[in-house]
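In what follows, a single structure is set out as structure tokens and then discussed.
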Protein chains: 2
Amino acid sequence: MTDNSNKKQGKIRQQSQEKILEAAQDEFITNGYKGATVQSIADSAGLPKANVLYYFKNKENIYHAVLEQTLDMWDEGIGDIKYEDGPKVAIEKFVAAKVNMSFTAPKASKIYAMEIIQGAQHLKEFARTYLRKWVREKAKVFQKWIDEGRMADVDPISLIFLIWSTTQHYADFETQILTIMNRADYEDEDADHVASFLTQFILRGLNIE
Amino acid sequence: MTDNSNKKQGKIRQQSQEKILEAAQDEFITNGYKGATVQSIADSAGLPKANVLYYFKNKENIYHAVLEQTLDMWDEGIGDIKYEDGPKVAIEKFVAAKVNMSFTAPKASKIYAMEIIQGAQHLKEFARTYLRKWVREKAKVFQKWIDEGRMADVDPISLIFLIWSTTQHYADFETQILTIMNRADYEDEDADHVASFLTQFILRGLNIE
DNA sequence: GTCTATAATAAGATAGAC
DNA sequence: GTCTATCTTATTATAGAC
């Protein structure tokens with residue numbers, strides 16, 4: 001409405017929105033969508049509740065924004081599986097990208113996992129369209145390598161699930177893994193160790209090299 | 001107090017408790033601990049809310065009972081990893097048991113997964129004592145086989161995490177897997193297919209056979 | 001043992017002052 | 001744009017009739 005320095009106007013807005021989204025991510029992980037309260041998101045963002053609702057209108061919108069952030073990250077971090085790379089390099093790259101995501105952005109993985117476990121109410125459409133297409137395309141690449149005798153004859157879709165599950169596990173089950181190993185936090189070398197273990201194991205499982 | 005046929009007295013009580021626990025399991029999966037309401041548990045159990053609270057006193061107690069059920073199931077279904085079996089048979093048995101659990105009791109796996117993702121508030125003690133001990137014992141068995149040259153030299157603990165993650169994935173991410181594969185439900189043969197894929201893949205990854 | 005009614009509290013959301 | 005005060009509804013839990 002009032003045009004008071006429109007180009008700098010969004011500064012506070014953007015900062016507040018970022019603070020809200022970060023606080024919201026934690027709240028949604030700890031308490032789930034329904035259990036999260038706008039009040040506690042506001043508290044840990046250091047803002048009055050009304051401001052949070054001013055920026056996002058309602059709780060549903062906050063959650064959508066958090067999920068969108070998560071999917072963007074998934075999209076960026078997933079890397080790719082390119083035929084030209086050949087099975088060895090492609091799998092090395094893919095596993096490394098996924099492991100890296102699990103260790104650098106575990107919260108995104110947790111939000112995603114909770115949403116799926118709870119029935120994917122907000123992600124059904126994403127899975128039905130984008131994800132289904134992605135899996136089918138990558139499965140074709142694997143199948144081509146199999147047909148060419150460059151890797152073991154396994155079901156490509158099961159293989160994709162195997163890579164997803166083994167890599168995400170280190171994000172989603174972080175608490176359990178740390179407790180079992182009697183450690184307080186992950187350290188930098190852990191990601192390398194895991195990536196190298198998984199890469200070698202999977203390549204051997206596919207008779208590559 | 002009043003001793004009216006004490007041996008039959010528990011009949012309704014037991015039936016009601018079972019109905020409540022089943023309804024509660026669904027509610028806790030869909031909405032998380034904090035998001036679940038005693039009212040909706042009561043509704044889907046077909047009982048007045050006050051009866052639910054009469055049997056379990058409060059929401060926390062209901063959740064504890066659900067978790068206890070889950071851990072009992074984990075304990076029964078996990079099978080064992082026995083040195084005498086040798087690596088091939090032991091891994092075949094273990095993978096089959098875990099896959100079987102994922103397909104027959106996916107809800108237990110989901111409750112467990114959500115609890116861990118959310119920070120294991122109610123399971124820290126279980127993980128710190130029971131689970132840590134279990135993993136260390138089984139890791140020793142794997143290490144013995146490695147030392148005897150009967151399987152590839154991999155980190156045993158990472159191997160256990162790999163088996164856990166790949167098998168549980170089919171329970172926890174059921175919704176995503178079905179959506180990607182454009183299917184409404186799992187069928188009986190799916191469990192066999194998965195167990196056989198994973199067993200072969202893991203044995204190859206360990207240079208067994 | 002079972003259930004209705006209700007007390008006490010906390011939630012999402014908005015109106016309107018600043 | 002920001003925040004205080006408040007409305008409405010939903011929640012846990014209990015008291016007490018049956």
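The structure displayed is predicted, hence computed values, not measured ones. Letters A, B, ... mirror the listed sequences (proteins, then strands); counts begin at 1.
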Looking only at D/dA13, C/dA13, C/dT4, the nucleotide nearest the B/Ala50 side chain is C/dT4
The nucleotide from D/dG1, C/dA13, D/dT11 with an atom nearest the side chain of B/Thr37 is D/dT11
Would you mind reading off the distance between [X] atom [atom1] and [N] atom [atom2], rounded to a whole angstrom?
{"X": "A/Asn31", "N": "D/dT11", "atom1": "CG", "atom2": "P", "value": "16 Å"}
{"X": "A/Ile62", "N": "C/dA11", "atom1": "CD1", "atom2": "C1'", "value": "13 Å"}
{"X": "A/Gln39", "N": "D/dT4", "atom1": "CD", "atom2": "P", "value": "11 Å"}
{"X": "A/Asn58", "N": "D/dT9", "atom1": "CG", "atom2": "P", "value": "17 Å"}
{"X": "A/Leu53", "N": "C/dG12", "atom1": "CG", "atom2": "P", "value": "8 Å"}
{"X": "A/Leu47", "N": "D/dT4", "atom1": "CG", "atom2": "C1'", "value": "15 Å"}
{"X": "B/Lys49", "N": "C/dT2", "atom1": "NZ", "atom2": "C1'", "value": "16 Å"}
{"X": "A/Arg13", "N": "D/dC3", "atom1": "CZ", "atom2": "P", "value": "14 Å"}

Is there a side-chain polar atom (N or O) of [X] under 4.0 Å from OP1 or OP2 of [N]?
{"X": "A/Tyr54", "N": "D/dC3", "value": "no"}
{"X": "A/Tyr55", "N": "D/dT2", "value": "yes"}
{"X": "A/Asn51", "N": "D/dC3", "value": "yes"}

TODO: Answer yes or no: is there an ion pair linking A/Lys107 with A/Glu22, defined by an N-O contact shorter than 4.0 Å?
DONE: no
Q.
Quick test of your reading of the model: are A/Glu125 and A/Arg128 salt-bridged, counting only N-O distances below 4.0 Å?
A. yes
| said: Would you say that A/Val194 contacts A/Phe197 through its side chain, given a criterion of any heavy-atom pair below 4.5 Å between the two side chains? | reply: no
Do B/Ile157 and A/Ile177 make a side-chain contact, defined as non-hydrogen atoms from C-beta onward lying under 4.5 Å apart? no
Exercise. Just checking B/Ala42: base, sugar-phosphate only, or nothing, at a heavy-atom cut-off of under 4.0 Å?
Worked result: nothing
* Scan B/Lys59 against the nucleic acid and name what it touches under 4.0 Å (heavy atoms): base, sugar-phosphate only, or nothing. => sugar-phosphate
Distance flag, aromatic centroids of A/Tyr33 and A/His122, threshold under 6.0 Å: yes
